[in-house]
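Both backbone and side-chain heavy atoms feed into the values below; hydrogens, waters and symmetry mates do not. These numbers come from a predicted model, not from an experiment. All residue numbers refer to positions in the sequence shown, counting from 1.
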Amino acid sequence: MSVGYFRAFQTDPAHGDDTLRPGITTRDFLEPYRLDEELRTLVLRGTATVELVTRSRFAYLIASNGGAYSYLDMDAYQPARNSKV
């Protein structure tokens, strides 16, 4: 019990005392966990939308510049240029 949401509610975790401080209930550390889970879900939902739009736009650009399967043609690619090499 020395990591995670419990740590802020422990007596002295830095020195090995992992017991919960007096008066602490499971709700005290489960509520921040629940809120963190909600925030993570919102962020992932937003990034999923951005990823979908970006992927769709990329597919559209590829298809409009050489056809739906142009990515399979090795001649459609240019060698990578790396100034550090």
Side-chain angles (χ1 to χ4, degrees):
M1 260 176 61
S2 63
V3 295
Y5 294 93
F6 297 108
R7 193 166 179 84
F9 302 100
Q10 294 171 338
T11 304
D12 191 7
H15 295 100
D17 188 354
D18 294 342
T19 59
L20 295 178
R21 293 190 320 256
I24 298 298
T25 65
T26 53
R27 182 182 174 122
D28 292 325
F29 51 82
L30 289 179
E31 189 64 17
Y33 175 81
R34 186 187 64 76
L35 292 172
D36 184 50
E37 187 175 32
E38 284 181 24
L39 177 62
R40 185 173 40 254
T41 300
L42 286 172
V43 168
L44 289 176
R45 236 184 252 149
T47 57
T49 301
V50 170
E51 184 269 337
L52 177 63
V53 170
T54 303
R55 184 169 29 107
S56 298
R57 182 68 178 150
F58 182 75
Y60 173 79
L61 291 171
I62 293 279
S64 64
N65 286 324
Y69 298 101
S70 63
Y71 70 93
L72 296 172
D73 181 10
M74 291 306 292
D75 294 330
Y77 296 93
Q78 296 176 8
R81 294 186 191 117
N82 188 343
S83 62
K84 295 182 181 181
V85 175

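For F58, the side-chain contact (heavy atoms from CB on, under 4.5 Å) partners are I62, not counting sequence neighbours. Taking L44 as the reference, R40, T47 meet the side-chain contact (heavy atoms from CB on, under 4.5 Å) condition, with sequence neighbours excluded. With sequence neighbours excluded, the residues satisfying side-chain hydrogen bond (donor to acceptor under 3.5 Å, both in side chains) with R34 are E31, E38. Residues passing the side-chain hydrogen bond (donor to acceptor under 3.5 Å, both in side chains) test with N65: none are found, sequence neighbours excluded. Partners of R55 according to the side-chain hydrogen bond (donor to acceptor under 3.5 Å, both in side chains) rule, which considers only residues two or more places apart in sequence or in another chain, are E51. For T26, the side-chain contact (heavy atoms from CB on, under 4.5 Å) partners at least two apart in sequence or on another chain are F29, L30. When the side-chain contact (heavy atoms from CB on, under 4.5 Å) test is applied to D12, the partners found at least two apart in sequence or on another chain are A14, H15, D17. Scored by the side-chain hydrogen bond (donor to acceptor under 3.5 Å, both in side chains) test, T11 finds T19 as partners (sequence neighbours excluded).
Under a 4.5 Å side-chain heavy-atom criterion applied to ILVMFWY residues, the cluster that includes L61 comprises Y60 as well. With a 4.5 Å cut-off between side-chain heavy atoms of Ile, Leu, Val, Met, Phe, Trp and Tyr, the cluster of L39 takes in V43.
Residues in residues 64-79 take part in no salt bridge (charged side-chain N to carboxylate O under 4.0 Å, His left out) pair, two or more places apart or across chains.
Of all heavy-atom pairs spanning P32 and R27, the tightest one is CD-O, 4.4 Å.
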